[in-house]
**Q** 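What follows is a structure written as structure tokens; I'll ask about it next.
It should be emphasised that the depicted structure is a prediction, and the values quoted were computed from it without experimental measurement. Computed over heavy atoms, backbone and side chain alike; hydrogens, waters and symmetry mates excluded.
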Amino acid sequence: MNKIIGTFLIFGMSSLFVACSGEKKSEASTEDATASTEIANTVTDDATTAEVTNTEVVANLAAIEFEETVHDFGTIQEGEKVEHIFKFKNTGDVPLILTAVQPSCGCTASDYTKDPVAPGAEGTISLTFDSKGKPGNVNKTATVKANIEGGQTLISFKGNVVGEQSGAPYK
């Protein structure tokens, strides 16, 4: 008789344990579904906010348009300093502000319009290349940082530096 009561007691406890664990799963599933919905709503809200923010940022950016982005100096005598002025126009609706012009090497110096350039107005960027010790073909860039889409753009120049003595290009 004790064996029968013990068996029913174990069976009853097992059933209760299984029922309780199933209940937790359904509670957990409900909680998971609620959390997923909240996350999905948050992501949607964030995406909408990001779109609005990106749209607002693009609307608040200037636009820069150069007359030319590459200049060819042609043949340069080694030791000569050559300069080119890149002209640009602000084609955006807000003032264009150049924050930096960074040449790709120490052999090039830059100067640029530092005051805000009004929409429709023009500005300049000057690059001066010192060819001393730079024989052969050169191709240099300068990174222009401004309040434009992407935050920066490139301008460049090229040339062929020939030796002082022979006038022939170095090899």
**Q** With the side chain counted from C-beta on, respond yes when Phe66 and Lys89 share a heavy-atom pair under 4.5 Å apart, and no when they do not.
**A** no

**Q** Answer yes or no: is there a donor N or O on one side and an acceptor on the other, between the side chain of Glu80 and the main chain of Ser131, under 3.5 Å?
**A** no

**Q** Hey, does the side chain of Thr99 reach the backbone of Lys145 with a donor-acceptor pair shorter than 3.5 angstrom?
**A** yes

**Q** Nearest 0.5 Å, what's the CG-CG distance between Asn60 and Asp93?
**A** 10.0 Å

**Q** Between Phe86 and Glu67, is there a side-chain heavy-atom distance shorter than 4.5 Å?
**A** no

**Q** To the nearest 0.5 Å, what is the distance between CD on Gln152 and CG on Asn147?
**A** 13.5 Å

**Q** Quick check: does any side chain N or O of Thr113 sit under 3.5 Å from a backbone N or O of Thr124, one acting as donor and the other as acceptor?
**A** yes

**Q** So does Asp111 get a backbone contact from the side chain of Ser126, meaning a donor-acceptor N/O pair under 3.5 Å?
**A** no

**Q** Just by modelled atom types, is the Ile155 backbone N or O under 3.5 Å from a matching donor or acceptor in the Thr141 side chain?
**A** no

**Q** Any side-chain heavy-atom pair from Ile125 and Val144 closer than 4.5 angstrom?
**A** yes

**Q** First locate atom CZ of Phe88, then atom OG1 of Thr153, and finally report the distance between them rounded to the nearest 0.5 Å.
**A** 11.5 Å

**Q** A side-chain contact here means heavy atoms from C-beta on lying under 4.5 Å apart; do Phe157 and Val70 qualify?
**A** no

**Q** Flag yes if more than 12 heavy atoms outside Lys158 fall under 6.0 Å of its NZ atom; otherwise flag no.
**A** no

**Q** Using atom types as modelled and distance alone, determine if a side-chain donor or acceptor of Gln77 lies under 3.5 Å from a backbone N or O of Gly163.
**A** yes

**Q** Would you say the side chain of Leu61 lies within less than 4.5 Å of the side chain of Ile148, judging by non-hydrogen atoms?
**A** no

**Q** For the residue pair Lys87 and Glu65, establish whether any side-chain heavy-atom pair is separated by less than 4.5 Å.
**A** no

**Q** Would you confirm whether the ring centroid of Phe129 sits within less than 6.0 angstrom of the ring centroid of Phe73?
**A** no

**Q** So which heavy atom on Leu98 is nearest to which on Ala146, and how close?
**A** CD2-CB, 3.6 Å

